[in-house]
Every structure is written in structure tokens, then in C-alpha cells.
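To start, the structure itself, in C-alpha cells.
Remember, it's a predicted structure, so these values are computed and weren't measured experimentally. FYI, side chains are in, hydrogens and waters are out, and symmetry mates aren't considered; it's all heavy atoms of this structure. In what follows, every chain begins at residue 1, and chains take the letters A, B, ... in the order their sequences are listed.
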Number of protein chains: 2
Amino acid sequence: MTKLGPKLDTRIQKKNRAAILSAGLMVFSQFGFRGSTLDLVAEEAGLSKPNLLYYFRSKDAIYTALLAKLLEDWLEPLREINADGDPVEELLAYSKRKLDMSQHYPRESRLFANEIIQGAPRIGDVLRGELRELVDEIAVVINGWAAAGRINKVDPYHLIFSIWAQTQHYADFDVQVRAILGKTDPFDGAEHHLEAMLRGLLTP
Amino acid sequence: MTKLGPKLDTRIQKKNRAAILSAGLMVFSQFGFRGSTLDLVAEEAGLSKPNLLYYFRSKDAIYTALLAKLLEDWLEPLREINADGDPVEELLAYSKRKLDMSQHYPRESRLFANEIIQGAPRIGDVLRGELRELVDEIAVVINGWAAAGRINKVDPYHLIFSIWAQTQHYADFDVQVRAILGKTDPFDGAEHHLEAMLRGLLTP
DNA sequence: TAATAATTTGACCAACTGGTCAAAGCCACG
DNA sequence: CGTGGCTTTGACCAGTTGGTCAAATTATTA
């Protein structure tokens, strides 16, 4: 039998692991991996630094755990697009899902943005593999819709990019958006605008 | 007479200051302020660290100099929108300018993105001041166009956000875009897609 | 070319970095 | 309640960080 280390499912383990991941999300999403320090994460989590490292092997392990969890949530909405549904409604629903994620999980969005801006050193493979395959599949679906005359002809890749860009903008550039809008809630108008834009582009 | 320090306009000064700013742009745009080190900047610039600090007081001074220069270039395209021009063409031309900046100055775009994502600690005032005023002015112009029936009714703020989001996406998320497109040049299709989207939204 | 000013550097510093470790504290269960 | 394992911590470490400084080197110019 190999040494398994401490039990992994105790009450305290669960609580502290969750606290560390939450704190890590806060810190890493603001400063990126290199700009973050274990001391910051520890303080945010309310634990001592050695105690952090009792639950996670290293700074890298915390970051990697966060990224792994994030990538699942990130790819899922794409998979929910239904080739047999109404094209415009499917794409609108997808945009809505992404916009909701920006509204309710802005730190996750910024964590992802930081990782990409810095060259995606840890998730480049996923981007070039799983993500690319998924997008290729959706592109086929969208092209099919266009060929059937159900939506206008559009470049499916740039269509997807534009949805990503517009929805994530509200999370990643939150500070700028709020600086300009003042007290107005960004998400009030965002959904309506995005819908108008997509309908204008797609409706034959 | 106050001591003025060394002459500021010599050949060597010009060359080395330019090299430092160029290196700083490279490093800061990839890692953000906190994630960057003077050693990295120095190596990139081909100078020793103490020599860097002969030309700039501090790490902060390099970063601030870059941001100041950037903000000018950033606000200028907005000012070029002509209220007396053709509405759709003016907005398309603005989008084109922004897209060109993403194509030719991606590091500037990422430097800006990093600063915003991290909460805009140094340019928050500019965002809430100069930028907001500028956008407010453009919003009046766009509302005027809509009231005159020359374009569809749109929320001018979200329209501007969507242009920013889509154009900057190609610089900030460059790695992801290229991961998905493979060898295809992103900017080939981007302009056409953006134009189609804006025409669909704006054309009455 | 001599001397004055501009530039560059090696040695150094205190604070901070990610990470280790043995010892102490705490908790659940017999 | 006590004991064995889970949890926490203070002290510590080597490498890195932004930054300083006097001395050495190189350019400029009288």
C-alpha cells in the first residue's frame, strides 16, 4: 500500500480548500499568476502561509486547480447549442448564457482573460485541442443553418469571437464600463443590445 | 539655479529611453505591472538594471510613462468621429481604426487590458473623467442620428462597448483566436464580419 | 588633448518571494 | 479521558525583488 497522506474529505479539509480556492480566485483574477503572491492568497483566505501549503503543494497547484475547474464551466455552454433548434434562438440563448456568466462570475472571466493575455502558458494545449474541436463542430452547424437559408451567411468563427468578446467585455472591463455608465447597471442594456446586434446580423 | 541633472536630449538618451519603453511595453503587456520585473525589462532592453534606473526613476516611472503615451493614442480615434458625416460610415471608419490598432499595436492593447482588468489603479481617474466625457459627447451624436432616423435606435453606450470589445478581442485574446483559426489570418475575416454586424444593427 | 560631463557597472541592501520542517495544538474516536 | 492522527504554526532558508551608490568608463567639447 502506498502512503496516501491525510484523509481528504474531512469537514475542515472541505472548508479550508474552498476558502483557499475562493481566495486564490480573488487574487489570481486580479493580478495574474506572476503578479500574485502566496501571502496575499493566505491573508485573503484567513490562513497562515504554511497552512496554505498544507492543503496545496504549491502556488502553481492552487492556480492549476482553479484553471481546471474554470475550463469545464467555460466549455459547457458551447456544448449546449442544439443543431436541431431554431438557429437564431439557439445563438441568442448561448449569448445569454455567456452574459450571465460574466454577470455572476466576473472573477472567473478575468482569471481566464489574464491567462490568455499572458500567452496561455498552461492552457494553450486545451485551446488548440478541445476548444478548437468544439468550435469547429459548431462552425459546421452554423454553416449548415446558413446553407439552408435559415440565417444569413456569416463567418461562424468570427461570429463566435464576437459573442465571446461582447459578453466577456462586461466582466473583464467592468471597471471601464462602470466608469462610463456611472450608476446605470451595465447588464440592464447589455442583453438587449446584444440581441439586437445578433438579430440584425443573422435574420435573413 | 536648480540642479537639473543630466542633459535630456542627447543621442544616447533618446536611443536608450526608446529601448527601455519598448522593452517595458513588451514585458508589462504580458505580465501586468505586478507580474513584471526590472530584470526582465533590463534584459529585454539590453541594459543593466542600474542603467535602467539611470534613465527612469523607478519601475513605476517606466510603467506610468507607457500608460500616459498609450492613453493619448487610445482616445484619439474617438475624437475623429465626425457628427456631420454619414452615420454608418463614421461608425464603420471608427471600428476600422480600432481594428487596425489591434492588428498593428497588440501589445499596447494588452497593456491597457491588463491595467483595466487589475482594476485600473492608475487610470481610473482618466476613465471616469476624460474618457467618460468623450463617450458622453459621442452618445449625444449617436442619439441625434437615431432621432433623425438616419440609423436605427440603439443604446449608444453599449454600441461603443461592443465595438471596443470586438476590435480589442483580436489583440487581447490573440492566442485563443489563433489557436482556433490555425493558419488563417484573424484580421482577414474580422473586418468584414464587424462591418456586417454594424450594418445589420444600424441600417434603418 | 585635457578636462568636464554623461554614461555604465559591480557590489551591495533590505524587503519579499515560494517553500520546508519540526514541534506544538487540536479533534474525533475508542 | 487519552491517544493517535489531523491541523496549525514559528522559525527558517535560499533566491528574487526594487533600488542605491561610489567608482570606473566613455563621450563631448574647449
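Contacts between residues 24-53 of chain B and DNA chain C, defined by a heavy-atom separation under 4.0 Å, are made by B:S48, B:P50, B:N51.
The nearest whole Å value for the distance from the CZ atom in B:R57 to the P atom in D:dT20 is 11 Å. Atom CZ in B:F56 sits roughly 15 Å away from atom P in D:dT20 (whole-Å rounding). The distance between atom NZ of B:K15 and atom C1' of D:dA27, rounded to the nearest whole Å, is 12 Å. Rounding to whole angstrom units, CZ of residue B:R17 and C1' of C:dA6 are separated by 13 Å.
A salt bridge is absent between B:D73 and B:K69; no separation between the charged side-chain nitrogens and carboxylate oxygens falls under 4.0 Å. With respect to the salt-bridge test (charged N to carboxylate O, under 4.0 angstrom), the residues B:R79 and B:E130 qualify. Using a cutoff of 4.0 Å between basic side-chain nitrogens and carboxylate oxygens, A:E137 and A:R132 are not scored as salt-bridged.
In this structure, the side chain of B:R34 does not engage the main chain of A:F31 through any donor-acceptor pair within 3.5 Å. No donor-acceptor pair closer than 3.5 Å links the side chain of A:Q166 to the backbone N or O of B:S162. B:R110 places no side-chain N or O within donor-acceptor distance of the main-chain N or O of B:Q30, the cut-off being under 3.5 Å.
Side-chain proximity of A:R11 to the nucleotides C:dA28, D:dT28, D:dT7 is greatest for C:dA28. Listed candidates were D:dG19, D:dT8, C:dG19. Nearest to the side chain of A:Y54 is D:dT8.
Between A:Q13 and the phosphate of D:dT7, there is a side-chain N or O to OP1/OP2 separation shorter than 4.0 Å.
In terms of position along DNA chain D, the nucleotide closest to B:K59 lies nearer the 5' end than the nucleotide closest to the other residue of the pair B:I12 and B:K59.
Contacts of A:Y55 with the nucleic acid, taken as non-hydrogen atoms under 4.0 Å apart, involve only primed sugar atoms and P, OP1 or OP2.
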